[in-house]
Amino acid sequence: MRANNEKIRLLIVEDDENLRFLEKTELEEIIGGYEVFTASNGKEGLEQWISCKPDIVVADIDMPVMDGFDMVEQIRRKDPVCLILFTSALTSPKDIKAGYRLGADNYIKKPFMPEELDAHIRAMLRLRNSMPAGRQEASLAIGAYVLVPTEAVLLNTHDDSRTSLSLRECQILELLAQNMGKTVERNVILERYWPNVDIHFASRSLDVFVSKLRKMVSGDPKVVIRTLRGIGLRIEVAD
């Protein structure tokens with residue numbers, strides 16, 4: 001966990017030079033608590049990500065040379081847990097689904113104020129650090145699968161394969177697995193992982209993650225992630 005007096009290492013990948021400068025200046029010099037690195041496109045972003053090892057990446061989507069989607073896809077091949085926040089005017093359901101499928105943890109719609117970006121970043125970091133190590137489950141059995149929250153990995157005991165999860169994927173699956181056979185109310189999930197986010201946007205985001213998780217456990221027909229419309233979600237494992 002990051003020390004209270006240690007600065008948040010943030011990588012901003014944004015092709016708009018003025019916006020990039022504004023975000024860096026506001027976060028470092030006015031809001032404070034940040035060490036900000038910048039890049040003007042996805043290719044530079046990858047190079048900076050390798051060299052500066054940020055706590056969180058804030059990336060635009062529509063950029064020259066390499067767009068945000070391609071950059072995030074490459075980052076996720078190497079690191080399933082680095083926090084990634086997309087900032088974009090592209091917030092159609094199709095774009096949102098594409099971003100989450102590639103491994104983004106959250107979206108913030110342009111235009112926005114630096115204070116709003118700061119609030120999103122700190123909320124994401126609080127979620128990552130919200131469960132002290134001593135309270136984390138070492139592993140959680142889900143039919144033929146074993147979830148290891150501390151490593152954000154889903155193990156398949158039938159073929160010994162490993163699936164890396166993004167932070168948000170791991171958090172949602174862990175919450176459902178901890179309540180195996182019980183319904184977790186939809187509002188509880190939305191308020192925990194998408195606080196202060198438009199309810200319709202947050203709800204669509206949750207649906208994308210649930211769809212991804214269903215595919216991850218589809219190798220065991222006894223495992224079902226059930227949606228109770230208007231109520232919540234539940235994991236069931238048939239005997």
Side-chain angles (χ1 to χ4, degrees), residues 1-72 74-76 79 81-91 95-96 99-100 102-132 166-168 171 190-202 205:
M1 184 180 295
R2 178 162 295 278
N4 290 335
N5 61 349
E6 191 175 352
K7 291 185 177 181
I8 297 167
R9 294 174 65 85
L10 169 65
L11 171 60
I12 294 175
V13 188
E14 169 62 60
D15 66 321
D16 185 322
E17 183 177 359
N18 291 331
L19 179 56
R20 192 170 65 244
F21 175 79
L22 174 64
E23 291 174 359
K24 176 179 172 63
T25 302
E26 288 274 346
L27 290 171
E28 281 190 335
E29 300 179 13
I30 298 177
I31 295 174
Y34 288 90
E35 182 179 6
V36 180
F37 305 85
T38 63
S40 62
N41 59 63
K43 184 175 181 295
E44 290 182 7
L46 277 176
E47 295 169 354
Q48 282 280 55
W49 175 75
I50 292 170
S51 64
C52 72
K53 297 179 175 60
D55 300 303
I56 184 166
V57 176
V58 175
D60 189 20
I61 294 174
D62 189 14
M63 295 182 290
V65 185
M66 178 187 291
D67 66 22
F69 285 156
D70 287 341
M71 182 193 72
V72 168
Q74 293 194 42
I75 289 176
R76 279 292 179 241
D79 186 345
V81 298
C82 175
L83 293 175
I84 297 174
L85 171 65
F86 273 135
T87 67
S88 179
L90 302 174
T91 54
D95 293 314
I96 292 171
Y100 281 129
L102 291 171
D105 294 294
N106 214 334
Y107 264 83
I108 181 172
K109 186 177 180 179
K110 291 183 176 180
F112 56 85
M113 298 295 290
E115 291 83 1
E116 185 180 357
L117 177 59
D118 172 55
H120 276 269
I121 291 170
R122 293 184 186 278
M124 292 169 69
L125 288 169
R126 282 196 301 272
L127 281 173
R128 185 179 67 181
N129 300 324
S130 62
M131 187 177 292
S166 71
L167 172 67
R168 188 61 54 81
Q171 288 171 329
L190 294 176
E191 289 171 6
R192 177 175 295 193
Y193 300 126
W194 284 273
N196 304 316
V197 175
D198 177 80
I199 186 65
H200 299 294
F201 178 87
S205 301

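Pro54 approaches Cys82 most closely through the heavy-atom pair O-SG, 4.2 Å. Residues Thr38 and Gln48 come closest through the heavy atom pair O-NE2, 3.0 Å. Taking all atoms of both residues into account, the shortest heavy-atom contact from Ser166 to Gly103 is CB-O, 4.2 Å. Residues Trp49 and Leu11 approach most closely at N-CD2, 3.8 Å, considering heavy atoms. Between Trp194 and Ala202 the shortest heavy-atom distance is CB-CB, 3.6 Å. Of all non-hydrogen atoms in Pro64 and Ser40, the two that sit nearest each other are CD-O, 4.5 Å.
Side-chain contact of Glu29 with Thr25: a donor-acceptor pair under 3.5 Å is absent, judged by distance alone.
Residue Lys43 qualifies as open at atom NZ: its count of foreign heavy atoms under 6.0 Å is 12 or below.
Under the side-chain contact (heavy atoms from CB on, under 4.5 Å) criterion, Glu191 pairs with Asn187, not counting sequence neighbours. Considering only residues two or more places apart in sequence or on other chains, Met71 meets the side-chain contact (heavy atoms from CB on, under 4.5 Å) condition with Val13, Leu46, Val57, Ala59, Met66, Ile75.
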Side-chain atoms of residues 15-23: list all donor-acceptor pairs with protein atoms under 3.5 Å, sequence neighbours left out, distances to 0.1 Å.
{"residue": "Asp16", "atom": "OD1", "partner": "Asn18", "partner atom": "N", "Å": "3.1"}
{"residue": "Asp16", "atom": "OD1", "partner": "Leu19", "partner atom": "N", "Å": "3.1"}
{"residue": "Arg20", "atom": "NH1", "partner": "Glu14", "partner atom": "O", "Å": "2.6"}

Test salt bridge (charged side-chain N to carboxylate O under 4.0 Å, His left out) on Asp70 and Arg76; report intermediate values, then the result. CA-CA 10 Å; Asp70 287 341; Arg76 279 292 179 241; over 6 Å; no

Which is it for Ile56 and Ile84 under the side-chain contact (heavy atoms from CB on, under 4.5 Å) test, yes or no, and what are the steps along the way? CA-CA 6 Å; Ile56 184 166; Ile84 297 174; over 6 Å; no

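Counting heavy atoms from C-beta on, the side chains of Pro114 and Ile31 come closer than 4.5 Å.
Taking CD1 of Ile121 as the start and CG of Leu117 as the end, the distance is 4.0 Å to the nearest 0.5 Å. Residue Ser205 holds its OG atom at 14.5 Å from OH of Tyr193, rounded to the nearest 0.5 Å. Taken to the nearest 0.5 Å, the CD1 atom of Ile8 stands 10.0 Å off from the CG atom of Leu83. In this structure, CG on Leu10 lies 10.0 Å from CG on Asp118, to the nearest 0.5 angstrom. Put simply, OG1 on Thr87 and NE2 on His120 are 11.0 Å apart, with the number rounded to the nearest 0.5 Å.
Here the rule is side chain to side chain contact (heavy atoms under 4.5 Å, CB included) with Phe86, and of Ile108, Val72, Asn106 only Val72 fits it. A salt bridge (charged side-chain N to carboxylate O under 4.0 Å, His left out) with Glu35 is found for one member of Arg9, Lys53, Lys7 and no other, namely Arg9.
Checking side-chain atoms of Glu28 against main-chain N and O of Val36 turns up a donor-acceptor pair under 3.5 Å.
With salt bridges taken as basic N to acidic carboxylate O contacts below 4.0 Å, none links Asp60 and Lys109.
A perpendicular orientation is assigned to the rings of Phe201 and Tyr107, their planes being inclined by more than 60° (bins at 30° and 60°).
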